[in-house]
Amino acid sequence: MSRVAVFGAGYVGLVTAACFADLGHEVVIADILPERIAALRAGEVPIYEPGLGGLLEQNRERLSYTLEVAEAVDGAEFLYVAVGTPPTYSGDADLSAVWTVVDSLAGATDPAVVVMKSTVPVGTGVKVRHRLDARGLQHIGYASNPEFTAEGTAVRDFQQPDRIVIGAFADADADAVAALHVGIDAPIVRADVASAEMIKLAANAALMTRISFINEIANVCEATGADVVRVAEGVGLDRRIGPSFLRAGIGYGGSCFPKDSLALKQLAANSGYHFQLLNAVIEVNELQKRRVIGKLQQRLGSLRGRRIALLGLAFKPNTDDIREAPSLVLAGRLVAEGADVRAWDPVARIDDVHGVRQVETIDEALAEIDAAVLVTEWPALHEVDWRLAASKAKAEEPVFVDGRNMLDPKLMRESGWAYEAIGRAAQ
Ligand SMILES: NC(=O)c1ccc[n+]([C@@H]2O[C@H](COP(=O)([O-])OP(=O)(O)OC[C@H]3O[C@@H](n4cnc5c(N)ncnc54)[C@H](O)[C@@H]3O)[C@@H](O)[C@H]2O)c1
């Protein structure tokens, strides 16, 4: 069994740490936020991720938490980097947290491998290698081991991945990282460091492309009377295409897709290439979020003074993450149009959008409304008595925009809602 240090106690770092501990490794997690480390030491999980709390608890004796780099590095054979890489104003990935970690290793005397879990631009590994070498840290290896887990299912995704990607400069380092994963049954893709970095960016870009593709198909369905749900089913059963990521909706969000698409676009542009397809994917996604406003205006005219419920705020169900969530754009646009916005989510908070009132229950959100927008497909929305909810609305026939095609159109219309979905005929 190995000793692993994980830098970054966020969505990726905590899941990585918990899963490695569950494989039997001894794991120390380092972060710079004292409150985060204190919470973890007290047995609290600072993020919402199903299964994570239980796994941390079960493996408590193999997990420790620290604010001290030296304590994390001491005796560690692997130095996992799982810090954030948010976008800068230019759209490039901000690697300052990565560099802080790399620079903090200056005193590391024992051999170890720095393993990059954070999503970074192609070329980062080479730069880290140079920086380590310049500091006389030739005994520290480097590997890229990008993460493909999705929030909400991250623990399962880590334990049962489609593949494990490992890129390293030295075969011995790649072998060591592969050995660390013994116990996980998945194909291992060995690549050079640049290709491993690109696999992560390309995989995200492929998923985003499918989302924007089906959303554009949905928009054409709306204009032509076809139903995108049936279309996606028929298209997805083609084995060459497959059914995943063919759900039309109000666009992708989250902490990864938007920033990683920008980072790849910038990476291409910085290398002299204009990535036309990716630019279109990004633009389609931006427009998709705003189409909801058009749908509401078509039904209600001006939105000034209209009370509108936003159902779901997280960028997807089973997470409290609202980074780049479509709800933020929607809430901002609705407030700008003068609407009175009531927002509900079981775990996510939207305190940042001025003028939005967050309520605790779905009932409160739906009281006395003119319209509701289903933004995140939380299972609790299946439990709502929609007929009763419609009877409590201000409008006689309240408008319902189902931004995720979650509910049954016929039932919703029979329940008294002027129901609209994405890419499905209005009646
Ligand atoms: N969130 C996901 O589902 C996901 C999936 C795949 C890849 N990724 C990538 O993984 C990386 C981490 O993402 P995340 O969502 O876990 O981020 P996050 O913001 O949830 O967590 C990052 C953590 O790193 C800590 N940190 C910052 N600087 C540090 C330092 N110098 N030393 C130690 N800790 C430090 C922060 O305090 C924070 O707790 C990003 O590059 C992201 O693109 C994320």
Side-chain angles (χ1 to χ4, degrees), residues 5-19 28-40 44-50 52 65-73 76 79-88 92-106 114-122 124-125 128 144-158 161-165 196-197 199-205 207-208 252-264 267 314-316 318-325 348:
V6 177
F7 292 89
Y11 289 86
V12 167
L14 284 177
V15 169
T16 302
C19 291
V28 50
I29 302 168
D31 204 290
I32 50 170
L33 300 176
E35 64 278 13
R36 194 157 269 221
I37 292 301
L40 286 160
E44 292 158 24
V45 188
I47 57 167
Y48 179 83
E49 181 61 49
L52 177 60
Y65 306 96
T66 185
L67 289 162
E68 305 300 327
V69 174
E71 206 177 303
V73 172
L79 306 166
Y80 263 83
V81 182
V83 297
T85 49
T88 59
D92 295 283
D94 178 353
L95 297 182
S96 51
V98 169
W99 291 123
T100 303
V101 174
V102 171
D103 289 342
S104 71
L105 303 176
V114 170
V115 192
M116 190 58 67
K117 260 282 171 234
S118 297
T119 304
V120 294
V122 180
T124 303
V128 174
S144 163
N145 174 213
E147 190 48 69
F148 300 94
T149 49
E151 285 174 27
T153 53
V155 171
R156 190 201 62 199
D157 294 346
F158 194 100
D162 293 336
R163 76 303 208 187
I164 296 164
V165 173
E197 292 165 341
I199 288 169
K200 172 63 191 169
L201 299 177
N204 271 359
L207 295 173
M208 287 179 266
Y252 60 76
S255 62
C256 290
F257 283 178
K259 86 170 171 66
D260 292 348
S261 57
L262 276 184
L264 179 54
L267 177 72
F315 82 95
K316 66 175 182 179
N318 295 321
T319 179
D320 59 350
D321 200 344
I322 57 159
R323 287 179 282 186
E324 303 287 333

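Remember, it's 1-based here, ligands and their atoms both numbered in the order they're listed.
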Could you tell me whether the side chain of [X] and the main chain of [Y] form a donor-acceptor pair under 3.5 Å?
X: Glu197; Y: Gly125; value: yes
X: Glu147; Y: Val12; value: no
X: Thr319; Y: Gly152; value: no

*Check Gly8 against Ile29 and note the closest heavy-atom contact, atom names and distance.*
O-CG2, 4.4 Å
*Taking only heavy atoms of the protein into account, state which residues are under 4.0 angstrom from an atom of ligand 1, in chain and number order.*
Gly8, Ala9, Gly10, Tyr11, Val12, Ala30, Asp31, Ile32, Leu33, Arg36, Ala82, Val83, Gly84, Thr85, Ala97, Thr100, Val101, Ser118, Thr119, Glu147, Thr149, Glu151, Lys200, Ser255, Cys256, Lys259, Arg323
*Can you check whether Thr100 reaches Phe7 side chain to side chain, under 4.5 Å on heavy atoms?*
no
*With sequence neighbours excluded, tell me which residues meet ring-ring contact (aromatic ring centres under 6.0 Å, His included) with Phe257.*
Tyr252
